[in-house]
Amino acid sequence: MQRRDFLKTGGLLAAASSITPGLLPAAQAKPVEGSFPSGFLWGSATASYQVEGAVHEDGRGTSIWDTFSHTPGKVYQGDTGDVADDFYHRYKDDIALMKALGLKTFRFSIAWPRVFPMGTGAPNPKGLDFYKRMVEELRANGIEPYCTLYHWDLPQALEVKGGWQNRDTATAFAEYCGYTVKNLGSLVTNYMTMNEMRSFVELGYKTGMHAPGLQLDPAKLAQLNHYVVLGHGLAVQAIRAAGSAKTRVGIPDNATATTPVIETAENIKAAGTALREENAMFLTVLMEGKYTDAYLARLGAAAPKFTSEELKIISSPLDYLGLNLYTPTYVRAASNALGYELVPNPKSYPHMASPWLTIGPEALYWLPKLVHQVWNVKEMYITENGCSSDDVIASDGHVYDSDRVMYLRNYITQLQRGVSEGVPVKGYFLWSLLDNYEWADGYEKRFGIIYVDFTTQKRTPKLSSEFYRTVIARNSLA
Ligand code: FCB
């Protein structure tokens, strides 16, 4: 029995402050509050361009992020990923840090231009060798690798030919995925196709804030969006063809986390409706094999051109779904054609060090729950969750990121709420292990639970490391 149920049934609310757990009769002892099912997969996540550095080593080709970060004015203080966390050379030490944390799993990404420097054509075996060495080291330390095949570092040679605006990029992506899966063989079982489709489509090709920095018109953007989801579907098929019976494939998607602003039956229903509509061009088409009528109507003449065969490919079945979740999008019921409306945040809405990172822990309850309800997804992972903080090294050498601990505690509490109700989330990957190259924010925004001095490459576990290590060790928040 949970303590609040005890208080309710015992009618002891008024006396609550005088009750301590030690005084509860033994017969009323409750299961550990905040615990997770045994085998829950605790992990953390990184991505190639954000941590590896070594951009000219072992035959790696150029990616759109090399080009973009070296273009003046695009990234905070002109920061580039040339060195980043130097993970390419320091991976053994970093894996030792993972082990000390008790991580069961590690999500990393493969840089496509390391494997195919020109995107297609001749592979570069030395590129894949790095990932083989790294994965062997993970396995030697009992850490299960989860491999993302695309975390935004498109080979520049493909961008020159139109990048994701060109349907051939979708085919090239599938070929690269098939080659990689075949050559990693039994080293990797769990794959993910592409990280956060919405982020790289909208930031890369609509606002131009990320590589390659384009601002396409709505028709071109919708067509590119279609080739991206097609690339995902073709990759799923290529991974299955190249892998073994054990190979599993999913996608880490940052579905817009429609969250009832107040938990009434009407708003909860509206949040489910909004989930489908707000994610129409990404998760919904993957799950349902069609674009919603409202999405196509909204675009009108700018709607993408597609075939029913392509829709089938796009909705190829997955073994699991990854959800990257940072912020809520509040929804309430409305008497309009859609049946819902989004609730805007006021200027005073609290956020973490990154202004976009508004705080709404209950989104980590509602997103997996609604995804499960709406599409009957049977296996999910939180493939990213975490936050930026203005971390500083204190005079005693420690980093007291109590705000990150607050954020994590509250989000993981809401995750536990869902899991305890039977929402099938099987693991959680904290973003991120290390402070790293935060895209257009350069090194200014720190997301790690391990502090990195980017001049000396010294690593210092933060207070949040201790928090996370404790959660993992107890498999519980309490
Ligand atoms: C996500 C990205 C990841 C990182 C975090 C903070 O959108 O997938 O690479 O930048 O945000």
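Computation of the quantities below employed the complete heavy-atom set of this structure, encompassing side-chain atoms and omitting hydrogens, waters and symmetry-equivalent molecules. Numbering of ligands and ligand atoms starts at 1, following listing order. These numbers were taken from a predicted model, which means no experiment stands behind them.
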Report task. Check each of Tyr381, Tyr428, Phe106 against Tyr146 using the ring-ring contact (aromatic ring centres under 6.0 Å, His included) test, and report the only one that passes. Result ->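 Going through Tyr381, Tyr428, Phe106 one by one, the ring-ring contact (aromatic ring centres under 6.0 Å, His included) with Tyr146 is satisfied by Tyr381 alone.
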Margin query: For Tyr150, run the ring-ring contact (aromatic ring centres under 6.0 Å, His included) check against Tyr191, Tyr49, Tyr176, Phe200 and tell me which one passes.
Written below: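 Result for ring-ring contact (aromatic ring centres under 6.0 Å, His included) with Tyr150: Phe200.
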Min over Trp439, Phe447, Tyr326 of heavy-atom distance to atom 5 (C) of ligand 1 lands on Tyr326
Note to self: My understanding is that we take every heavy atom of each candidate and find the minimum distance to atom 8 (O) of ligand 1. Doing that for Asn195, Asp441, Leu357, which one comes out nearest?
What the structure shows: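 Residue with the shortest heavy-atom distance to the ligand atom: Asn195.
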Considering non-hydrogen atoms of the protein only, which is the closest contact for [atom], and what is the distance?
atom                    : result
atom 7 (O) of ligand 1  : Glu196 OE1, 2.5 Å
atom 3 (C) of ligand 1  : Glu384 OE1, 3.5 Å
atom 10 (O) of ligand 1 : Glu438 OE1, 2.7 Å

| task | Using a cut-off of 6.0 Å, state whether more than 12 heavy atoms not belonging to Arg332 lie near its atom CZ. | result | no
If we set the cut-off at 4.0 Å for heavy atoms, which region of Asn254 has an atom near ligand 1: side chain, backbone, both, or neither?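 Asn254 to ligand 1: no contact under 4.0 Å from either part.
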Run the ring-ring contact (aromatic ring centres under 6.0 Å, His included) check on His351 and Trp356 step by step: do they pass?
CA-CA 7 Å; His351 60 79; Trp356 60 267; over 10 Å; no
Here the atoms of ligand 1 under 4.0 Å from any heavy atom belonging to Gln50 are 3 (C), 4 (C), 9 (O), 10 (O)
Where does the angle between the aromatic ring planes of Trp112 and Phe173 fall among parallel (under 30°), tilted (30 to 60°) and perpendicular (over 60°)?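 Judged by the thresholds at 30° and 60°, the geometry between Trp112 and Phe173 is tilted.
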Heavy-atom nearest pair, Leu325 first then Asn385, reads O-ND2, 2.7 Å
Would you please determine whether Lys445 falls within less than 4.0 Å of ligand 1 on a heavy-atom basis? no
